[in-house]
Structure formats: structure tokens, C-alpha cells
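Each chain gets a letter, A, B and so on, in the order its sequence line appears, and its residues count up from 1.
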Amino acid sequence: MREIAITAVGADRPGIVSAITGALLEMGGNLADVRAALLRGSFAIVLVVSVPDDVSEDSVKDVLDPVAEEFGLGLWIGGADEAGNGADGESCVISVYGADRPGIVNAFSRLLSEQAANIVDLSSRVVGDPPIYVLGIAATMPAGMDPEALRQKLSKLAEATGVECSLSLDADEII
Amino acid sequence: MVRDVVRYPDRRLKTPAASIGTPGPADLRLAEDLRDTAQSYPRTVGIAAPQIGAMWRMAYVDCGQHKKVADPHPPFWLIDPEVTSADGQEVGREGCLSLPEITANVRRATEITVDYTDLQGERKQITTAGFEARVILHEIDHLDGVLILDRVSSLLLDVFPRKRR
């Protein structure tokens with residue numbers, strides 16, 4: 001089996017997930033990780049699917065093209081990368097919120113990038129009135145990085161940006 | 001003796017364990033196995049009998065030298081534990097030997113009192129707070145066939161892949 005990554009984005013309507021996964025199932029695919037989200041009116045889905053070795057990316061495309069056409073989806077299909085190409089230190093979750101303004105995600109992602117921390121999950125949204133921007137980032141720090149040092153850099157950035165920020169570390173004990 | 005740890009989706013982890021009553025020789029051997037198995041894994045502060053496939057209401061807790069616990073009790077075994085009071089609530093991250101690839105945010109009481117039977121067969125009471133209370137509640141959940149994935153508010157937001165170490 002080999003893994004193929006698929007992304008599809010389009011105007012939201014019922015039946016998108018069912019149609020995509022049905023087509024993949026018919027060709028012998030087995031879903032690995034899937035994330036999907038409704039962002040305002042756009043539905044976005046990313047799937048990693050295991051397929052038999054003799055199934056090419058082109059044949060996956062042939063199967064999904066009719067679905068994309070029916071539902072008006074933009075489609076991308078490519079080989080899935082193996083896990084573990086990023087940083088390999090401690091995991092952490094960074095929570096940021098504050099008055100909405102342009103540049104919050106960029107500022108925090110730039111800091112993490114400069115520190116060689118790898119973002120593994122991110123979601124953000126504007127909530128409430130007046131609008132508050134809420135951002136959650138899960139990241140992996142480079143091996144040997146002192147979490148306190150990162151916490152201090154994040155605090156400084158939060159102060160400079162006028163937002164609140166906290167960092168929590170992954171549990172390291174097993175119960 | 002160090003025993004193999006049962007991992008989900010083994011159905012024993014979703015099955016309530018049976019009461020022990022007065023512990024006998026087999027229960028004392030089980031107690032030793034729980035301790036030996038817990039000590040064979042790094043950073044492991046508790047283990048419940050169903051996690052080694054023994055469907056009896058016994059757990060072992062050792063928060064000694066844990067950085068989150070300022071004044072831990074010495075290692076102890078809980079037989080037929082019952083929570084008699086629970087106060088406060090706090091969300092904390094938990095990892096589990098039986099779900100080794102994930103951690104999850106779980107809301108638990110912060111102060112608890114638990115009645116239990118000790119290895120000598122005497123009914124005792126323990127009152128504790130914070131992380132040690134969390135560990136005890138986690139182990140009692142195992143005796144009831146409850147896992148951290150049953151406790152999260154959201155499987156999307158509260159479950160995290162754990163890095164292999």
C-alpha cells in the first residue's frame with residue numbers, strides 16, 4: 001500500500017464527504033488521517049488515503065474528477081509525505097486571543113519559524129462582537145529547546161502585538 | 001512480575017472490573033505485578049489491573065518524585081476504591097499506557113476523598129488534591145471501563161497525538 005494526499009475545497013453543500021470517500025472506497029482506498037472544516041461558506045477537506053501499490057495518482061484523479069465536477073470542488077492530488085520530517089522535540093499548544101487585526105497569525109508563525117518550531121496544527125477564527133481573534137497552534141519544538149525560553153519570546157511578542165498568549169506543554173507522565 | 005500492558009481496542013479496557021473484597025494471595029501477586037509493570041515504564045505514575053488484563057478492582061499509584069506533586073503519598077494500592085467526595089474542577093492533560101499514541105485534555109475534580117481497601121484487607125480513606133487526585137480518578141475510571149477518550153469534551157479539540165519517545 002502507498003499513501004496519497006488529497007485536498008478538495010469548494011462552496012459548502014451536503015454530500016461532499018460522502019461522495020469523495022465513496023469514490024476512494026470503491027477503488028480500494030483506506031482512509032488514514034482526514035481533516036475537514038467549514039470556513040465561512042467554503043468547505044475544505046484534506047485526506048491521506050492508503051491505496052494499493054498499483055494505483056497511481058492519475059487513477060485517483062480519474063476517480064475523483066467527476067466528484068469534483070459535480071460538487072464544484074478544486075482538487076489537488078499528490079504523494080503523501082512520511083511523518084516525522086519536522087522538529088522532534090517537545091510538543092506544545094499555544095493559545096492566542098485578542099482584538100482582531102491583520103498580522104496576528106503571521107507574527108506568531110514567524111516567531112515559531114525563526115525558532116525552528118514546527119506547526120503541526122493550527123486553527124483560528126473571529127468570534128464575538130466586538131470581534132475577537134482566537135488562534136490555537138500545536139507545535140513541535142526543536143530537540144533541546146527550553147520551553148521557558150519560547151514562553152518568554154511568545155510573551156514579548158504578545159505584549160508587542162497587544163494580544164494574550166499562553167503556552168502549555170504536552171503531558172510527559174503516563175497515568 | 002512485569003506483565004504485558006493491554007492496549008485499546010482490547011475490549012477488556014471497556015469492561016468494568018469485579019470487586020475483590022478481602023484480598024487473598026492471588027491479589028497480593030496482582031499487586032506486585034501492578035507495581036513491577038508500572039515501574040518498568042518511564043514516567044508512569046499509576047496503573048490499574050485491567051491494564052494488565054486482570055479484571056479486578058485494584059490500582060497502583062506512585063506520584064513520588066513527580067514534579068507536579070509537592071507532597072505525594074508513598075506508593076499505595078487501591079482495592080475496591082470508592083470516591084466519597086469530590087470538589088473543584090480543572091482540565092489537565094493526561095497520557096495513558098493503554099493509549100500510548102495520544103494525550104487528551106480531561107476535566108477532573110481537584111480535591112477528592114476515596115475509601116479503599118489496603119493490601120492487609122483494612123478499609124482506609126485517602127484525601128488528596130491536584131495531580132495525585134487526577135491520577136487516582138484516572139485509575140478508578142479504568143476499573144469502570146472508562147478511558148480518557150470517553151472523558152474529553154471534544155474528540156476534535158481535546159485529543160493530541162503523542163510523539164514517540
Check your understanding: For A:Phe71, is the NZ or CZ atom of A:Arg13 found under 6.0 angstrom from the centre of its six-membered ring and inside 45 degrees of the ring axis?
Key -> yes
Review point. A:Val93 versus chain B, heavy atoms under 4.5 Å apart: side chain, backbone, both or neither?
Key: side chain
Practice item. Determine the option with the most heavy-atom pairs under 4.5 angstrom with chain A, choosing from B:Gln51, B:Arg134, B:Glu139. Key: B:Glu139
**Study point:** Other residues, nucleotides, ligands: >12 heavy atoms within 6.0 Å of A:Asn106 CG
**Key:** yes
Practice item. Go through B:Arg57 and B:Asp144 one step at a time and tell me if the side-chain contact (heavy atoms from CB on, under 4.5 Å) criterion holds. Key: CA-CA 9 Å; B:Arg57 299 186 75 80; B:Asp144 293 328; 2.8 Å; yes
Exercise for review: Give, as side chain, backbone, both or neither, the part of B:Thr103 having an atom under 4.5 angstrom from any heavy atom of chain A.
Suggested key: side chain
Review point. Any donor and acceptor pair, going by atom type alone, linking the side chain of B:Asp80 with main-chain N or O of B:Gly21 inside 3.5 Å?
Key: yes
Practice item. Counting only heavy atoms closer than 4.5 Å, note whether B:Phe131 contacts chain A via side chain, backbone, both or neither. Key: side chain
